[in-house]
Structures are given as structure tokens and as C-alpha cells.
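A short worksheet on the structure shown next.
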Amino acid sequence: MGFALGYINSPFQIQEITINDVFFLIKEQNRSYQISTPTAQEILKHSGSHPRLITQCFDFIDDEGVFHHDTYIETQKMSPFVWQLFTPFI
């Protein structure tokens, strides 16, 4: 489990997203493909385990369950959502 700061600077625990969560999200979104455990690990790595980015990764998986991470990375470079994630740190 990870930690995050609460509104009153008191830490609260948040759950880490796991490979099982990736498999759950695929089923929940009724995706027509199946992925392997290494592919789920790759999705976690490239998404930074961010739930919305994980689901965006699903758009870059072909019918054989192959994740095209190069295309995903290029697309995310121009994504307004990704830029919003980092704007507070600039």
C-alpha cells in the first residue's frame, strides 16, 4: 500500500493498483481480447499505475492481446490529460 497526504496533512492509505486490477478493468470494460501477465505488467509500467491511463492503454492492445507501447507513448506526449497531471509541478 502507498501513502498520500490528506486534506489536513494526515496520511491515509491508498491501495496500489495490481496486475489483478488490470485484468478486472479489462473485463469490466468488456474488451474482446485477453492479455498475458507480462502485458499487464507492461501496462502498469507505462501508465504509472494511474487508473485512467491504464484504461487508455487498452486502446493500444490489438486483437491478439499485444500492447503497442510505442504508439501509446507517442499519443500520450500530446494528451491534455497527461499534461494536466504534471502542470502542478511546473
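Here the structure is a predicted model, which means the values were calculated and not measured.
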With rounding to the nearest 0.5 Å, note down the distance linking [atom1] in [X] to [atom2] in [Y].
X	Y	atom1	atom2	result
Thr55	Ile43	OG1	CD1	10.5 Å
Met78	Trp83	CE	CH2	8.0 Å
Asp62	His68	CG	NE2	3.5 Å
Thr75	Tyr72	OG1	OH	9.0 Å
Ser79	Leu53	OG	CG	7.5 Å
Cys57	Leu25	SG	CG	11.0 Å

Query raised in the report: Below 4.5 Å, heavy atoms only, C-beta onward: do Ile54 and Ile17 meet side chain to side chain?
Result: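 Yes, at least one pair of side-chain atoms sits under 4.5 Å.
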Query raised in the report: Do Glu64 and Ile35 come within less than 4.5 Å of each other through their side chains, counting heavy atoms only?
Result: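 Side-chain contact under 4.5 Å: no.
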Report task. Sorted by first residue and then second, give each side-chain hydrogen bond (donor to acceptor under 3.5 Å, both in side chains) pair with at least one member in residues 41-54; sequence neighbours left out. Result ->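 Listed once each, the pairs are Glu42-His69.
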Specify the closest pair of heavy atoms between [X] and [Y], including all atoms of both residues, with the distance to one decimal.
X	Y	answer
Tyr33	Asp63	CB-O, 4.0 Å
Ala40	Phe23	CB-CZ, 4.0 Å
Val22	Phe58	O-CZ, 3.8 Å

Requested in this report: Sorted by first residue and then second, give each salt bridge (Lys or Arg N to Asp or Glu O under 4.0 Å) pair with at least one member in residues 17-30; sequence neighbours left out.
Outcome: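 The answer is none; no pair qualifies.
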Query raised in the report: So does Phe24 have more than 12 non-hydrogen atoms from other groups sitting under 6.0 Å from CZ?
Result: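 12 or below, so no.
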